[in-house]
Amino acid sequence: LSFRGFIASASSYTAESSEKENLSKAIEYFQGGKYHEALLLFQKLKSTYQLNVRFLAYMGVCHFYDRDYAMAAGILDSIMSRLGAFAPSERSIYYHCAAESHYQLGQYGQAIQLFEAQSLLCHKDEIGDICLRIGLCHRNLGHVDVAQEYLLQAMAYYRKFNNSHKLSVV
């Protein structure tokens, strides 16, 4: 190897090592709840590499926690059909972030579909919250009778799981 070849090879290795480091940091930030910091690193990586579905989902969650609901919904909607191999509890989180993003954007019909899908994946003690959100979506759409049904279901779940704080809110 010539000196130039060695330098080119060494800088390529350094760049690759740096990118692996950035990915590790991004994952660490994400798992630690530092969503904005994670998002910055994922965006930098995405500009150079094609990220896998899980990392794209992480980006959607990061946008959700940054309150960039349009970006969160866009990313999560684009990959939702490719999440089938993930654990139900993990998929539930992505459905929640997508549903809540659509809710915050006033896209209640889409939010309802996503909340309903989430209800099939989540823990039983989370169904009350989902019923509450679906009820609010229906109320905002002017479907008062349907909204009331969902709000009553939310109350029943809150009673069942002894959640007096949430029960008092409904």
Side-chain angles (χ1 to χ4, degrees), residues 16 19-141 143 146-147 149-154 156-158 160-161 163 166:
E16 188 177 304
E19 297 303 332
K20 286 181 182 178
E21 225 174 85
N22 282 342
L23 181 58
S24 291
K25 279 185 195 174
I27 294 168
E28 186 179 318
Y29 284 149
F30 182 84
Q31 291 173 340
K34 296 180 178 180
Y35 299 109
H36 184 74
E37 293 83 353
L39 179 60
L40 295 175
L41 289 173
F42 282 127
Q43 287 173 327
K44 183 177 178 181
L45 290 165
K46 187 175 184 238
S47 70
T48 308
Y49 301 99
Q50 184 175 1
L51 298 181
N52 70 33
V53 177
R54 177 166 277 124
F55 296 141
L56 293 173
Y58 286 2
M59 286 181 71
V61 172
C62 290
H63 280 294
F64 171 76
Y65 282 109
D66 264 0
R67 294 189 172 115
D68 187 348
Y69 301 119
M71 283 296 294
I75 290 172
L76 292 168
D77 288 351
S78 73
I79 62 168
M80 207 59 80
S81 65
R82 299 178 3 216
L83 301 176
F86 296 176
S89 58
E90 183 178 1
R91 289 189 356 241
S92 175
I93 293 165
Y94 303 138
Y95 274 98
H96 170 78
C97 291
E100 190 63 33
S101 293
H102 283 288
Y103 179 86
Q104 294 298 327
L105 294 169
Q107 299 165 347
Y108 304 117
Q110 289 168 289
I112 289 169
Q113 291 175 358
L114 291 162
F115 280 126
E116 287 173 344
Q118 180 194 5
S119 72
L120 301 174
L121 302 167
C122 70
H123 297 284
K124 296 296 178 213
D125 64 343
E126 297 171 327
I127 293 178
D129 291 338
I130 293 169
C131 289
L132 174 65
R133 298 312 276 173
I134 292 173
L136 294 174
C137 287
H138 280 291
R139 184 199 66 191
N140 291 337
L141 290 169
H143 309 149
V146 178
E149 298 258 343
Y150 277 100
L151 296 175
L152 290 172
Q153 282 183 21
Y157 273 98
Y158 292 151
K160 180 177 180 176
F161 290 100
N163 197 330
K166 289 184 179 178

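All residue numbers refer to positions in the sequence shown, counting from 1. None of these values were measured; they are calculated from a predicted model. Only heavy atoms go into these numbers, but all of them, side chains included; no hydrogens, no water, no symmetry mates.
Checked against Leu45 for a side chain to side chain contact (heavy atoms under 4.5 Å, CB included), the options Lys20, Glu19, Gln50 give a single hit: Glu19.
Ring planes of Tyr35 and Phe30: perpendicular class, angle over 60° (limits at 30 and 60°).
In this structure, CZ on Phe161 lies 10.0 Å from CD on Glu126, to the nearest 0.5 angstrom. If you take CG on Asn22 and OH on Tyr29, they are separated by 9.5 Å, rounding to the nearest 0.5 Å. How far CD of Gln31 is from OH of Tyr58: 6.0 Å, rounded to the nearest 0.5 Å. Going from atom SG of Cys137 over to atom NE2 of His143 covers 11.0 Å, rounded to the nearest 0.5 Å. How far CG of Leu83 is from OH of Tyr94: 7.0 Å, rounded to the nearest 0.5 Å. Considering CD1 of Ile79 and CG of Leu51, their distance stands at 10.5 Å, rounded to 0.5 Å.
Between His96 and Ile93, the closest side-chain pair of non-hydrogen atoms is not below 4.5 Å.
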(message) Using side chain to side chain contact (heavy atoms under 4.5 Å, CB included), reason through Gln118 and Leu121 one step at a time and then give a plain yes or no.
(response) CA-CA 5 Å; Gln118 180 194 5; Leu121 302 167; 5.7 Å; no
(request) Could you check Leu23 against Tyr49 for side chain to side chain contact (heavy atoms under 4.5 Å, CB included), going step by step and ending with a plain yes or no? (result) CA-CA 11 Å; Leu23 181 58; Tyr49 301 99; over 6 Å; no
(request) Could you go through the side chain to side chain contact (heavy atoms under 4.5 Å, CB included) check for Ile134 and His138 one step at a time? (result) CA-CA 6 Å; Ile134 292 173; His138 280 291; 3.6 Å; yes
(request) Applying side chain to side chain contact (heavy atoms under 4.5 Å, CB included), run through Lys46 and Leu56 and close with a yes or a no. (result) CA-CA 9 Å; Lys46 187 175 184 238; Leu56 293 173; 3.9 Å; yes
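No side-chain donor-acceptor contact under 3.5 Å links Tyr157 and Asp125.
Listed here is the closest heavy atom pair of Ala26 and Ala38: O-CB, 3.5 Å. For the residue pair Cys122 and Ile127, the shortest heavy atom distance occurs at SG-CG1, 3.7 Å.
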Side-chain donor-acceptor pairs of residues 98-112 under 3.5 Å, sequence neighbours excluded:
| from | atom 1 | to | atom 2 | distance (Å) |
| --- | --- | --- | --- | --- |
| Glu100 | OE1 | Arg133 | NE | 3.0 |
| Glu100 | OE1 | Arg133 | NH2 | 3.3 |
| Glu100 | OE2 | Gln104 | NE2 | 2.9 |
| Glu100 | OE2 | Arg133 | NH2 | 2.5 |
| Ser101 | OG | Cys97 | O | 2.7 |
| His102 | ND1 | Gln107 | OE1 | 2.5 |
| His102 | NE2 | Asp77 | OD1 | 3.2 |
| His102 | NE2 | Asp77 | OD2 | 2.7 |
| Tyr103 | OH | Asn140 | ND2 | 3.4 |

Which pairs of donor and acceptor atoms, one on a side chain in residues 61-70, lie under 3.5 Å apart (sequence neighbours left out)?
| from | atom 1 | to | atom 2 | distance (Å) |
| --- | --- | --- | --- | --- |
| Asp66 | OD2 | His36 | ND1 | 2.8 |
| Asp68 | OD1 | Met71 | N | 3.3 |

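Side chain of Arg91 to backbone of Phe86: a donor-acceptor contact under 3.5 angstrom is found.
With sequence neighbours excluded, no residue satisfies side-chain contact (heavy atoms from CB on, under 4.5 Å) with Glu28.
Within a 6.0 Å radius of CD in Glu149, other residues, nucleotides and ligands contribute 12 heavy atoms or fewer.
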